[in-house]
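Atom set for the values below is all heavy atoms of this structure, side chains included, hydrogens, waters and symmetry mates excluded. For reference, positions follow the sequence shown, starting with 1. One-based numbering, in listed order, for ligands and for the atoms of each.
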Amino acid sequence: MQLLQAPLPRRVEQRPATTLRHLQLVFQNPQESLNPFQTVGTAIARPLQSLLGRSAEAAQQSIAQLLQAVRLPIEYAQRLPAQLSGGERQRVAIARAIASQPELLLLDEPVSALDVSVQATVLDLLRQLRQEQGIGMVLISHDLAVVANSADWVAVLYLGQLMELTPSAELLNLPHHPYTQALLNAVPRIDETVQEIVPLQGEIPNLSQRPGGCPFHTRCPLAQAVCRTQAPDWHITAKGKQIFCHFVPESE
Ligand code: SF4
C-alpha cells in the first residue's frame with residue numbers, strides 16, 4: 001500500500017490529490033456527516049467528480065453501482081438523509097467513502113450510533129466490501145466485541161501509545177497487556193457467576209503531560225518502580241501477540 005509509505009501532511013489542503021482519493025473516512029454519526037440538504041445521489045457524486053474526474057453523466061451510472069454495493073435501491077439516490085434510517089445513512093456514508101476506489105478506509109466508531117441489530121448488518125457489509133473490493137480498513141472502536149469480530153489484527157492504544165498488537169483470534173486469550181485486561185474486564189457478560197467490574201483507579205492523564213516510563217504506570221495495578229522511569233520493550237509471544245510491558249503475565 002503505497003499510501004502508507006509517505007508522510008501524511010496534517011492539513012487536508014496540503015495532501016496530494018492521490019492521497020485524498022486513496023484515504024477515505026467514515027465517521028461515527030452519519031446524521032452529522034451527511035449534508036441534510038443534499039440528496040444521496042449528490043453526496044455520492046461529489047467524490048466521483050472531484051477525485052476521479054468523472055463527468056456528471058458517468059457519475060450517475062456509478063451512483064447506481066455504489067448504491068447496489070451497499071445494498072440500497074437506486075431510488076434512494078433522490079432521497080435526503082432525513083428520509084433514511086440510521087443504518088441506511090451509514091450505508092450512504094460508506095458508499096460515498098468507497099466511491100473514489102480508496103486503498104484505505106478509516107472507520108471511526110462506524111456502528112456505535114446504531115441499534116445493535118443494525119450494527120451487525122453494517123459490519124457484515126463492511127466485511128463483504130473488504131473481500132469484494134480489497135480495500136484495507138482500519139476500524140476504530142471502544143467496543144472489543146465489534147473489533148474482535150471484524151478485524152484480522154487488533155491494536156490497543158492508551159494515550160496514543162500502542163500497548164498491544166494481537167491477531168484478533170488471540171484477543172481473548174492470555175497473556176494480555178494490563179490495559180487490555182482492564183478493557184476486557186469492563187465488558188458486561190451474561191454467565192452464571194456475577195462478576196464485579198473493577199474500574200481502573202485514577203484519572204486519565206493529560207495527553208500534553210504524558211507520564212514518563214510506561215505511560216500506563218499511573219493506573220496500572222501491576223506497576224512497579226521501574227515502570228515509572230523506563231519505557232518497556234516489546235514482548236512477542238509464541239502466538240504472535242506483541243505486548244508493551246516490563247512484566248508480561250504468563251499464559252495459562
Ligand atoms: S510496564 Fe509496568 S506500568 Fe506498564 S503495563 Fe507493564 S506493569 Fe503496568
Side-chain angles (χ1 to χ4, degrees), residues 1 4-5 7-8 10 25-28 104-113 119 123 126 136-252:
M1 200 177 283
L4 298 179
Q5 291 164 19
L8 185 67
R10 292 182 77 84
L25 288 149
V26 174
F27 297 98
Q28 180 171 8
L104 184 63
L105 209 54
L106 288 182
L107 302 135
D108 183 7
E109 299 273 12
V111 296
S112 62
Q119 287 185 2
L123 289 171
L126 288 170
M137 297 189 185
V138 175
L139 174 69
I140 301 165
S141 178
H142 287 87
D143 187 333
L144 285 180
V146 165
V147 172
N149 287 326
S150 310
D152 296 324
W153 283 83
V154 179
V156 178
L157 289 152
Y158 179 77
L159 293 181
Q161 162 73 50
L162 197 54
M163 293 284 156
E164 178 169 337
L165 185 63
T166 177
S168 57
E170 286 296 314
L171 178 64
L172 301 180
N173 297 332
L174 290 170
H176 301 306
H177 185 280
Y179 181 55
T180 310
Q181 185 64 61
L183 294 176
L184 291 170
N185 288 350
V187 177
R189 281 190 295 274
I190 301 174
D191 56 26
E192 290 168 4
T193 55
V194 177
Q195 295 215 347
E196 191 186 351
I197 295 177
V198 183
L200 283 175
Q201 298 299 314
E203 297 292 319
I204 299 174
N206 189 328
L207 251 185
S208 62
Q209 296 167 331
R210 209 165 73 165
C214 171
F216 189 48
H217 80 256
T218 57
R219 307 181 75 203
C220 179
L222 304 182
Q224 299 190 25
V226 65
C227 305
R228 287 195 281 277
T229 54
Q230 279 184 37
D233 290 326
W234 282 96
H235 178 97
I236 303 177
T237 73
K239 294 280 181 64
K241 278 191 170 202
Q242 299 177 48
I243 299 177
F244 188 68
C245 179
H246 286 299
F247 310 105
V248 175
E250 294 298 321
S251 53
E252 286 176 346

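Listed by atom number, the atoms of ligand 1 under 4.0 Å from H246 heavy atoms are 1 (S), 6 (Fe). Each of the atoms 7 (S) of ligand 1 lies under 4.0 Å from some heavy atom of L222. Numbered from 1 in the order shown, with element, the atoms of ligand 1 that lie under 4.0 Å from a heavy atom of P178 read 5 (S). Using a 4.0 Å cut-off to heavy atoms of H217, the atoms of ligand 1 that qualify are 3 (S). If you number the atoms of ligand 1 from 1 as listed, the ones under 4.0 Å from a heavy atom of F247 come out as 7 (S).
When non-hydrogen atoms are compared, ligand 1 lies under 4.0 Å from the backbone of C245 as well as from its side chain.
Scanning the protein heavy atoms around atom 8 (Fe) of ligand 1, the nearest turns out to be C220 SG, 2.4 Å. The protein atom (non-hydrogen) at minimum distance from atom 2 (Fe) of ligand 1 is C227 SG, 2.3 Å. In this structure, the protein non-hydrogen atom closest to atom 4 (Fe) of ligand 1 is C214 SG, 2.3 Å.
Between the side chain of H217 and the backbone N or O of A225 there is no donor-acceptor pair closer than 3.5 Å. For the pair Q119 (side chain) and V111 (backbone), a donor-acceptor distance under 3.5 Å is present. A donor-acceptor contact shorter than 3.5 Å is absent between the side chain of K239 and the backbone of P175. Although no hydrogens or angles enter the test, the distance criterion places no donor-acceptor pair under 3.5 Å between the side chain of S150 and the main chain of V147.
Taking the six-membered ring where the residue is Trp, H177 and F216 present tilted rings, their angle falling between 30° and 60°.
Note: L159 CG to C214 SG = 9.5 Å, rounded to the nearest 0.5 Å.
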*Does the pair S141 and D143 meet the rule for a side-chain hydrogen bond (donor to acceptor under 3.5 Å, both in side chains), with working shown?*
CA-CA 5 Å; S141 178; D143 187 333; 5.4 Å; no
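Distances from ligand 1 to the non-hydrogen atoms of H177 include at least one value under 4.0 Å.
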